[in-house]
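Report on the structure given below.
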Amino acid sequence: FEEQPSHTLFPEGSAEEKVTLSCRARANPPATYRWKMNGTELKLEPDSRYRLVAGDLVISNPVKSKDSGSYQCMATNSRGTVVSREASLRFGCKFGTRFGVLFLFPPGVSYRWLLNEFPNFIPADERRFISQTTGNLYIAKTEASDMGNYSCFATSHMDFITKSVFSKFSRLSLAAEDARQFPPSIKARFPADTYALAGQLVTLECFAFGNPVPRIKWRKLDGPQSSKWMGSEPLLQIQNAGFEDEGTYECEAENAKGRDTHQGRIIIHAQPEWLDVISDTEADIGSDLRWSCVASGKPRPAVRWLRDGQPLTSQNRIEVSGGELRFSKLVLEDSGMYQCVAENKHGTVYASAELTVQVLAPDFRLNPVKRLIPAARSGKVIIPCQPRAAPKATILWTKGTELLVNSSRVTITADGTLILQNISKSDEGKYTCFAENFVGKANSTGILSVRDATKITLAPSSADINVGENLTLQCHASHDPTMDLTFTWSLDDFPIDFDRSEGHYRRASAKEAIGDLSISNAQLRHSGRYTCTAQTVVDSASESATLTVRGPPGPPGGVVVRDIGDTSVQLSWSRGFDNHSPIARYLIEARTLLSSQWKQMRTNPINIEGNAETAQVVNLIPWMDYEFRVLASNILGIGEPSLPSSKIRTKEAAPTVAPSGLGGGGGAPNELIITWTPTLRDYQNGDGFGYIVSFRRKGSQDWLRARVPHAESLHFVYRNESIAPYTPFEVKIKAYNSKGEGPESLTAIVYSAEEEPKAAPYRVTAKSVLSSEMDVSWEPVEQGEVTGVLLGYEIRYWKDGDKEEAADRVRTAGLVTSAHVTGLNPNTDYHVSVRAYNRAGTGPPSPSTNVTTTRPPPKRPPGNISWTFSGSTVSIKWDPVVAKADESAVTGYKMLYRQDSHSAPTLYLASKSHIDIPIPEDFTHAFVQIRVTGPGGDGTPAEVHILRNSGTSMMVEDSGTRPAPHIVVMATNSLLMVALISSLEL
């Protein structure tokens, strides 16, 4: 069958007017089709509601009372008949309307509940649960918000259609709100026995009343929890359930007032599934045949047999025994189509095969005796005789006219094969096989030709080498010159594939009689027995040699950790392969959870001899998780490591290292802040880790102690009204854990919190330097007026008319008494004050001083720039720049001169609007940038690029601040190109 009918659900009231059940078989000659309903063959008449379309059955206007049932298709041709699997046609029923209960076939129904109106669906939460088994709504603990009208909303999901229905509304009223607590009581229970098919989703429901709302927990009582579990609380779902999920499950509901439990079993069944089936078979007449069908399933499937669609039972020569079918002395009438059928209550599976019983006279056309049969002198030759015949033919052999019989050199096997041994030249000649049965007879002839035997003349020799070395195994042979000779090599009886050897193997010679094997960069895996085979079409000869490749030892095995202490463990292992070189010593490595890198460990004894299988690992960190591995070494190197041991944790011990980074200071008034670097996990040595801080005023005799829990702590604050600002304290620290205290650190001096400076700087002066900059200077405060360490000064400046709170600030570091302030607005009045600061804050301000920044420099760049070349000088001129009323005066000009784009520029100053610049004799071009300067700073530059070809000058006028174009001007005897580029372009 290529297509078989499937179970079909037809919804009543559907707009569809027909149902189609499929059936198509592959057959030659083509098959004809019939159908059975409930075991009775249907009459497919022209006017019937049942029609045959190809092999499909089409039912028009299906009616439940007439058409509901089981259908089977039968396909027939001249070779036999097969029947399809059974398929049911079912009809969906209409809904009932009783509150909370709905009837539907099949049970593909989902439930929701409405409160008061559609679509106000009740959400699933820890207090409310809707069973998808019964449709019931459960409320664990009612509240005032639960009052209202409820309706059950059920939806059916079928193949073709989805239908929903409401129940009538029912009112829930609360007599009085009850705040009393009560223990859980499970109300929504899963069955005592839940049956499911393998591969399906299994769902168990469990919900309980109680106040507080109970929590639901699930457990499997007779096995581990499956990784396929989904969800939690009221539902336990197991995806793709299997037989390993069978067992007893318990749900537990628990709240503060008590607990309740419910148990039930999950039982997994399975549909039949074939493990072994029959296949098409051709058998000789008169022979015996055994067929077997094996199926799995739960319950165990029963197996029955069909021949040409009819039940087959034991009779005469046929024995039917469950999944076995036996034939004795087959006859032609046994030919036909056979099916084995495996079924249990969950389903049925079919397997089909054709049996053909053959009657044939002997026929050599497909397998004649080989026409020319070469054989080696002193060797053996095998000549098959395999005619097609049914029943099996009787075989005779002749040489010429001589009938051959079994002897010391001649053997005729049961299947008719002729074997000649110790062949000589006299055995040459014609050999004929005669085959005969009761249907007829036939024969076939071949000619035996005797050739010289193949012999190995130089055999490979056994050898020992080290890893990485090269070797050639020799192999030479002699053979009959009329035949081709080939060499093959195998390692431990597995042929060597030269194309996939990664360059380790290659043939060492192209000569016909030489088959040497070259091995390069030998590895341990290349050890073994090498066999060279020299072969012709008639015989072969082989010789073997053993290659031993010595290398570093293999990995030790079975690393076990025992006798676990705080700083040591005892390790044992089993000896690995020495790879043909004695193990000299062992190394032990370890890694912790803090680092994935393996490190060599110290051991007792320090050097572990090669015959040892145990050692102590020392100098470990207490309370640390470790993995260990062992490596073996010999004269050829260190081998591969063993697999890591199981993870262990060393025992706890008191800390052995004092915390580092002890210091402190700062904080609020009357505080002493002590800081340190938190101790790393490597040095904690145990659980319950913390710090003990000891401190006293310098010069005092009594120490105060404080315990600071938690390893991540990094400071301690001591508050006392009697602590004066910047008082020196002696401070020590040590660590502790659940096993005791560690050593104390060295004593450090830490000062209590400082106090802001009490005095202000004086004689503050401010001077405008440029239009956006000023210099501020002052006289420092006295050191005695700073309780703590003076860190520097803070300059505050704000525009006239602004509030001091909006001032900008600049801080200096150290004891400097001046500052340069930038970023000011030109021609603006500023107020300036200075304060001292330390870690406690800033001190009082100095009296403010005033400063006015200068006006900005002229914006217009120099224009009308021209130049004249004269020998080794270029004279450059430009129009003077006149400052506007809101710009600072022009006091001179600055010119940057650069020979090319890679050379360093040279600065020239000019008080007038011209300048002479020396140039080298080979001068070709230069970049010149000119700008004004004055009290307000430097103005906008004008830049010219000068090219010289001959001795007259050209002048180009700048067009203000706009970008100037490239200009080419022809002169009487020169060509100049001048590029004027504005500062905006630069």
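Values below: every heavy atom of this structure, side chains too, minus hydrogens, waters and symmetry copies. Remember, predicted model here, so these are calculated numbers, not experimental data.
- Taking 4.5 Å as the limit, every side-chain heavy atom of E86 sits out of range of all side-chain heavy atoms of T348.
- Y50 and W35 have their aromatic ring centers separated by at least 6.0 angstrom.
- S738 and E652 form a side-chain donor-acceptor contact under 3.5 Å, judged by distance and modelled atom types alone.
- For the atom pair CD1 (I186) and CZ (F190), the distance works out to 8.0 Å, reported to the nearest 0.5 Å.
- A donor-acceptor pair shorter than 3.5 Å can be found between the side chains of R79 and T356.
- For F689 and W623, the gap between ring centers reaches or exceeds 6.0 Å.
- Salt-bridge annotation for R317 and E333: absent, with no side-chain N of the basic residue lying under 4.0 Å from a carboxylate O of the acidic one.
- E205 pairs with exactly one of L235, I130, T134, N136 by the side-chain contact (heavy atoms from CB on, under 4.5 Å) rule, that one being L235.
- Screening F207, W113, Y111 for a ring pair (Phe, Tyr, Trp, His ring centres under 6.0 Å) with F129, the sole residue that qualifies is F207.
- With respect to the salt-bridge test (charged N to carboxylate O, under 4.0 angstrom), the residues R326 and E324 qualify.
- Using a 4.0 Å cut-off between a side-chain N of Lys or Arg and a carboxylate O of Asp or Glu, K647 and E627 qualify as a salt bridge.
- Between F166 and F118, the angle of the ring planes goes over 60°, which puts this pair in the perpendicular group of the 30/60° scheme.
- S352 and Q339 share a side-chain donor-acceptor pair at under 3.5 Å.
- In the displayed structure, Q239 atom CD is contacted under 6.0 Å by at most 12 heavy atoms of other residues, nucleotides or ligands.
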